[in-house]
Amino acid sequence: MITHDIPLLLYTSEQIRQGEQLLTEQQNSVTLYHLMERAGEATFDLMRQLYPECKKLLVCCGKGNNGGDGYVVARLAHEQGVDVTVWELPTVEHLPTDARCARSYWLQCNGKTITDTPTTSYELIIDALLGIGIKGQVRSEMADRIRWINHQMTPVIAVDVPSGLCADTGATFGDVIKASQTLSFIGFKQGLTTGQAAQYCGERYFSDLGVALQFSQVMKPSALHITESQVQSLLLPRSRVAHKGCFGRVLCIGGDLGMAGAIRLSSEACARAGAGLTSVITRPDNALSIVMMRPEIMAIGWQESSNILIDKLAWSDVVVLGPGLGTSDWGQSLFAQCHHVDKPCVVDADGLNLLAKVPDYRDNRIITPHPGEAARLLNVSIDEIEADRFAAIQRLQQNYGGVVVLKGAGSLIYDGKTLWICTCGNPGMATGGMGDVLSGIIGALLGQGLALVEAAYAGVWIHSRAADLCAQSGERGMLASDLFPFIRQLVNPR
C-alpha cells in the first residue's frame, strides 16, 4: 500500500540494508529480488495513480539495485502498452545479481535500451540512478545525466531517494535530481525529512512493501517522526475545577532597546498556548506598551539595581530567556543572573549567543538554535551544521545537555536518547519573530506539566502546523503574530 503520510519510524540507509538482509535470512518467502519486484510494482502503481495518461516514459537506471527497481518499472509499464525507453549505463555487466535479473526480464520482453543521451522528449521520467547507495560526490557521468533530467522540465518520480541526495542527512552530493515525487520503501529514510530534502523530494510517498511489521521487529528506528496524534495525546482535557495556578507561571525575559516586539511575541505565544500566568521582565521603556497591547501579560521594567528579578524568578515555574535580550550590558547582566536558575528553562535568540560565550551543561534546559546559532554554540561553520544536522544536534546535546531543538526545514529535537523530526512548516516562516513565538509555546507547555522533550517536540509541531494552516492564505507576507489563532486551535484538540 502506498501512503502520502510519513510514518512514525525513520531509518538510516545502513539500517535498511541490514534490515533487508535480516528479513531475507529469517523469512523464507522474502528474497531481495522479491523486494525489488515489489518496489517496482509500487512505483508503477504510483505512476498510474498520478500520471494515468502517460504514454511515453523514460526510465533512468543506474548500476545498483535502485537500477534494478527501474527495470521492473519499465517492464510493467511496457506490458501495459506504455512506450518505454530505458536509459542505462554502458557498464551493465557490473550490475548486482538481482538487478541483472530484473534487466534480463526487461530484455526478454523486447525492452528498448539506450546508453547515449536521449534525443527525444518524454511525458514522465523515472529516476532509478543512485538510490541510497551514494557515498560521496556524484561522479561526472552521473552528474551529466542528472543535469539532463533536470533540464527537461518533465515530471520525475524518484525511486526511494532522489539521486544525489544523502538518505541519511538530507545533504547534497553535487548535482541532485529535482523530483516531483519521491517514493521511499520498507523504512522511510531519515534524510528525506530534513536538510535539503524539501528542495528535491517533491511530494513524499511511502510503501513498506508488505514487510513493515517484520522490519520493525528486526531493526530499531534511528529517529521518530512527530505526528498529530502524538501531540494530541499530550494535550489532555482540563479539569472542570482547574484554576490558573494549575497551568504554570512562566517568566519571559528579554526585550532590549528596539527589540520589544520579540519579547511581546514570545509572551503572547506563551499565553495563547495555555500558560496559566505569563509575566515579562524587559526594559522599562517596553513594559507599558506590552501591557497596553496585551493586558493579560504582566510586564515589568528592570534595571540592574532592581530586586524585582529575584522576586519574579522565585515566583516562576518556568523561565523563557533570550527573545530580544540583546548582548549589551543590560542583556548580559540579565543572562548572568538567570541562566543558572534551577528551574525548567527555554533559551533562545540572544540567550544562545551569550551561552556560546560561557557554555555550560544543564539537564533541565531546552535550547532552540537555528543553524547560525548552532554554529556559534559549536564554534563551527553553518555549512558544517547543515552538512549533517543529525551529527550537529547530537554534539549540541552532548555539550549543553537537556533537550536541543535544531530549527530549520525539518526541525530536529534530541534529548540524548531519542531523536524526533518535524516535517510540518513552510517558507512563509522565514520572517522575524517566528523563533520568539516558538520559545513562548514551549515555555507554556512546560508550565502545563509536560516533560522537557515532550514540550519541545509538541511545541515545534504546534508552531509549524500553525504556520501551515496560516499559509493557506499564502506564504509570502505571513507574520509571526498571524499564527496566534491557529496556535490556540491546535492546543485545543477535539
Legend entry - Steps toward salt bridge (Lys or Arg N to Asp or Glu O under 4.0 Å) verdict (E37, R75): CA-CA 10 Å; E37 279 281 337; R75 190 190 80 238; 3.0 Å; yes

Legend entry - Side chain D45, main chain A42, donor-acceptor under 3.5 Å: no

Inset, instruction - For the pair K189 and D160, find out whether any cationic side-chain nitrogen is under 4.0 Å from an anionic carboxylate oxygen. - result: yes

Legend entry - Evaluation steps, side chain to side chain donor-acceptor pair (under 3.5 Å), between T327 and K357: CA-CA 11 Å; T327 55; K357 296 178 181 180; 5.3 Å; no

Legend entry - Pair F215 + Y11: ring centers closer than 6.0 Å: yes

Legend entry - Under 3.5 Å: donor-acceptor pair, side chain of Q472, backbone of D468: no

Legend entry - CD on E373 to CG on D350, rounded to 0.5 Å: 8.0 Å

Inset, instruction - Starting from the C-alpha separation in whole Å, work towards a yes-or-no answer on side chain to side chain donor-acceptor pair (under 3.5 Å) for Q190 and S222. - result: CA-CA 8 Å; Q190 66 175 30; S222 58; 2.7 Å; yes

Inset, instruction - Without swapping roles, check the side chain of N492 against the backbone of R488 for a donor-acceptor pair under 3.5 Å. - result: yes

Inset, instruction - Decide yes or no on side chain to side chain donor-acceptor pair (under 3.5 Å) for Y457 and Q230, but give the supporting numbers first. - result: CA-CA 10 Å; Y457 75 69; Q230 289 168 316; 5.9 Å; no

Legend entry - From Y122 atom OH to T154 atom OG1, the distance as rounded to the nearest 0.5 Å: 10.5 Å

Inset, instruction - Look only at the side chain of Q26 and the backbone of L23, and say whether a donor-acceptor pair between them is shorter than 3.5 Å. - result: no

Inset, instruction - May I ask you to check whether over 12 heavy atoms, not counting those of Y361, lie within 6.0 Å of atom OH? - result: yes

Legend entry - Intermediate values then yes/no, side chain to side chain donor-acceptor pair (under 3.5 Å), T169 and D388: CA-CA 5 Å; T169 66; D388 191 340; 5.4 Å; no

Legend entry - Between CG on residue L124 and OH on residue Y51, distance to nearest 0.5 Å: 6.0 Å

Legend entry - Inter-residue atom distance T91.OG1 - L89.CG, 0.5 Å rounding: 5.0 Å

Legend entry - Check: E475 main-chain N/O paired with N426 side-chain donor or acceptor under 3.5 Å: no

Legend entry - D69 side chain vs V72 backbone, donor-acceptor pair below 3.5 Å: no

Legend entry - Atom NE2 of H4 with >12 non-hydrogen neighbours under 6.0 angstrom: yes

Legend entry - Check against side chain to side chain contact (heavy atoms under 4.5 Å, CB included), T85 and L57: CA-CA 6 Å; T85 300; L57 174 68; over 6 Å; no

Legend entry - S439 (side chain) donor-acceptor with S266 (main chain) under 3.5 angstrom: no

Legend entry - Crowding at CZ, R17 (>12 non-hydrogen neighbours, <6.0 Å): yes

Inset, instruction - Output yes when D144 and R147 qualify as a salt bridge under the 4.0 Å nitrogen-oxygen rule, no when they do not. - result: yes

Legend entry - D348/K407 ion pair, N-O < 4.0 Å: yes

Legend entry - Exam field: side chain T194 to backbone A409, donor-acceptor pair closer than 3.5 Å: yes

Legend entry - Side-chain (W420) to main-chain (H225) donor-acceptor, under 3.5 angstrom: no

Legend entry - Verdict with reasoning, K112 to D83, per salt bridge (Lys or Arg N to Asp or Glu O under 4.0 Å): CA-CA 9 Å; K112 179 170 54 177; D83 180 3; 3.4 Å; yes

Inset, instruction - Measure the CD-CD1 distance between Q214 and I186 for me, rounded to the nearest 0.5 Å. - result: 10.5 Å

Inset, instruction - Salt-bridge test for E93 and R100: reply yes if a basic N is under 4.0 Å from a carboxylate O, no otherwise. - result: no

Inset, instruction - Output yes when a side-chain donor or acceptor of Q397 lies under 3.5 Å from a complementary backbone atom of Q394, and no otherwise. - result: no

Inset, instruction - To the nearest 0.5 Å, tell me how far T182 OG1 sits from E203 CD. - result: 10.0 Å

Inset, instruction - Could you tell me whether the side chain of L355 reaches within less than 4.5 Å of the side chain of I367, counting heavy atoms only? - result: yes

